[in-house]
Number of protein chains: 2
Amino acid sequence: MLKLTKKADYGLMALKFLAEHPERSALSAKDVADAYGIPAQLLAKILQQLTRSGLLRSHAGMNGGYALAREARSISAYEVILSIDGPFFITSCTKGKTGCELTTNCTIKEPLARVNETIAGVLKSISIQDLAEHEQPAARERNARELVALTL
Amino acid sequence: MLKLTKKADYGLMALKFLAEHPERSALSAKDVADAYGIPAQLLAKILQQLTRSGLLRSHAGMNGGYALAREARSISAYEVILSIDGPFFITSCTKGKTGCELTTNCTIKEPLARVNETIAGVLKSISIQDLAEHEQPAARERNARELVALTL
DNA sequence: TGTAATTCCGACAGAAACGGTCGTATACTG
DNA sequence: CAGTATACGACCGTTTCTGTCGGAATTACA
């Protein structure tokens with residue numbers, strides 16, 4: 001239904017939270033979970049996944065936790081969603097390698113693939129820092145032309 | 001996971017098929033289902049829903065079936081998806097009236113709402129006729145500026 | 001009038017995805 | 001060593017999705 005999973009939401013929230021607290025060298029999963037009322041163990045798994053994808057750096061032990069692996073500005077919402085929910089295709093027929101197993105050619109796929117790229121483009125244009133700043137002026141003018149190029 | 005349901009896919013395919021066969025006054029659910037290998041009864045329910053939403057006109061009885069209620073050019077992919085899958089919000093927290101029941105304010109919602117509108121804008125810019133024509137040049141230049149206005 | 005084609009509608013069942021929990025192992029700090 | 005924290009896999013309950021079944025109402029046509 002074209003909606004992010006809660007996991008992806010949690011992930012974005014967590015990264016935003018980390019971006020907002022650069023003074024702490026690391027925040028534990030529990031810190032973040034408490035801040036937002038997210039189930040701690042669930043968030044832990046999400047953060048572990050983000051670590052595996054290289055978006056976070058983790059450190060076990062006392063005073064350990066997670067920190068952004070890169071600048072907030074250079075981490076896009078797209079990467080986060082991709083890491084947590086896996087690759088998304090707007091068409092449900094595009095499943096892995098098999099392609100569309102339905103009829104000879106569901107020509108519907110082609111135009112929707114363009115929509116898919118547009119969405120990806122929009123998500124790529126939004127950085128974690130954009131989320132952390134309550135206004136996100138930076139992402140605006142920056143990608144205007146690019147967006148047009150993508151959709152058309 | 002940011003993906004259309006199969007039902008929505010089926011609905012788009014069916015409308016595309018109807019748009020491609022204007023010579024027939026009506027096509028039965030079975031006709032369309034056979035053409036694409038879609039489960040007939042499932043497609044029937046989808047077409048009924050689209051009829052309820054006013055996108056199709058139905059006619060029972062022999063030689064009955066479904067036909068587009070409007071010009072293919074004036075029916076957008078957005079309307080189809082909306083009819084079948086219901087209103088979509090990219091953030092999973094935006095549930096009906098309650099709003100975000102999580103923390104005081106998940107500021108994440110605000111930027112993503114803009115993404116949501118962008119996606120809606122793209123889907124609105126794609127008509128059934130665009131799907132029927134294998135190239136969809138019409139939707140291109142037409143909505144370029146509008147898209148920019150939406151995202152920013 | 002009767003029969004076949006077809007839409008209409010609700011209920012339901014199997015399957016998959018999602019959200020969340022638990023237990024345990026591992027790593028680091030002091 | 002003890003406490004804090006990540007890492008990871010198994011599992012379960014709920015929801016959503018996909019598809020099926022059965023029956024009722026509508027229409028065309030012989």
Side-chain angles (χ1 to χ4, degrees), chain A residues 1-11 13-14 18 24-34 36-53 55-67 69 81 84-89 91-93 95-96 101-102, chain B residues 1-11 13-14 18 24-34 36-53 55-67 69 81 84-86 88 91-93 95-96 101-102:
Chain A
M1 212 215 282
L2 215 47
K3 146 171 67 172
L4 293 183
T5 62
K6 274 192 181 174
K7 285 185 188 176
D9 269 2
Y10 292 162
M13 287 156 72
L18 290 177
R24 305 276 304 269
S25 67
L27 287 167
S28 74
K30 189 168 184 308
D31 290 339
V32 181
D34 289 351
Y36 287 106
I38 300 173
Q41 300 196 93
L42 178 56
L43 182 63
K45 286 210 303 189
I46 295 168
L47 296 180
Q48 284 158 26
Q49 173 59 42
L50 291 171
T51 303
R52 255 174 265 138
S53 301
L55 300 179
L56 293 179
R57 290 204 189 285
S58 65
H59 191 59
M62 281 186 73
N63 299 320
Y66 299 90
I81 295 168
I84 297 174
D85 285 348
F88 60 84
F89 303 97
T91 50
S92 47
C93 54
K95 43 177 62 172
E101 75 275 7
L102 280 182
Chain B
M1 213 218 280
L2 216 45
K3 147 171 65 173
L4 294 183
T5 62
K6 275 192 180 175
K7 285 187 189 177
D9 268 2
Y10 292 162
M13 287 156 72
L18 291 176
R24 305 276 304 269
S25 67
L27 288 168
S28 74
K30 188 167 185 308
D31 289 339
V32 182
D34 288 350
Y36 287 107
I38 300 173
Q41 300 195 93
L42 179 56
L43 182 62
K45 287 209 303 191
I46 294 167
L47 297 180
Q48 285 159 28
Q49 174 58 41
L50 291 171
T51 303
R52 253 175 265 138
S53 301
L55 300 180
L56 294 179
R57 291 203 189 285
S58 66
H59 192 59
M62 283 187 73
N63 299 321
Y66 298 90
I81 295 169
I84 296 174
D85 284 348
F88 59 84
T91 50
S92 48
C93 55
K95 43 178 63 172
E101 75 276 7
L102 280 182

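Because the structure is a prediction, the values reported are computed rather than measured. Note: hydrogens, waters and symmetry copies are ignored here, and every other heavy atom, side chains too, is used. Just so we're on the same page: letters track the sequence lines, and every chain starts at 1.
- As rounded to whole Å, 11 Å separates atom P of C/dC18 from atom CG of A/L4.
- Note that the CG atom of A/L18 and the OH atom of A/Y66 stand 10.5 Å from one another [nearest 0.5 Å].
- Atom NZ in A/K7 sits about 9 Å away from atom C1' in C/dG20, given to the nearest Å.
- Atom pair A/Q41:CD and C/dG20:P shows a separation of 12 Å (rounding to whole Å applied).
- Near-neighbour residues of DNA chain D inside residues 43-53 of chain B, defined by a heavy atom below 4.0 Å, number-ordered: B/K45.
- In this structure, OH of A/Y10 is placed 8 Å from P of C/dG19, rounded to the nearest angstrom.
- With rounding to whole Å, A/I84 atom CD1 is found 15 Å from C/dG20 atom C1'.
- The minimum heavy-atom distance between B/S25 and B/A67, with the atom names listed, is O-CB, 3.3 Å.
- Side-chain atoms of A/S28 lie closest to D/dA5 of the nucleotides D/dA5, C/dC8, C/dG20.
- With sequence neighbours excluded, the residues satisfying salt bridge (Lys or Arg N to Asp or Glu O under 4.0 Å) with B/R24 are B/D31.
- Interatomic distance, NZ of B/K3 versus CG of B/D9, reported as 10.0 Å (0.5 Å rounding).
- In terms of heavy-atom proximity, A/I84 sits nearest to A/G11 at CD1-CA, 3.8 Å.
- Between the CG atom in A/D85 and the OG1 atom in A/T5 there is a gap of 3.0 Å [rounded to 0.5 Å].
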Whether each nucleotide of nucleotides 25-30 of chain C has a protein heavy atom under 4.0 Å at its base (B), only at its sugar-phosphate (S) or at neither (-) is summarised, 5' to 3', as --BBS-
Solution key, residues 39-49 of chain A side-chain donor-acceptor pairs under 3.5 Å, sequence neighbours excluded:
{"residue": "A/Q49", "atom": "OE1", "partner": "A/R52", "partner atom": "NH1", "Å": "2.6"}
{"residue": "A/Q49", "atom": "NE2", "partner": "A/S53", "partner atom": "OG", "Å": "3.3"}
{"residue": "A/Q49", "atom": "NE2", "partner": "A/S83", "partner atom": "O", "Å": "3.3"}

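- Nucleotide D/dT20 holds its P atom 8 Å from the CG atom of B/L42, rounded to whole Å.
- Put simply, CZ on B/R57 is 18 Å from C1' on C/dT6, counting in whole angstrom units.
- Under the side chain to side chain donor-acceptor pair (under 3.5 Å) criterion, B/N63 pairs with no residue at all, not counting sequence neighbours.
- For D/dA7, one of the phosphate oxygens OP1 or OP2 lies less than 4.0 angstrom from a side-chain nitrogen or oxygen of A/S58.
- Between the NZ atom of B/K30 and the C1' atom of D/dT20 there is a distance of 16 Å, rounded to whole Å.
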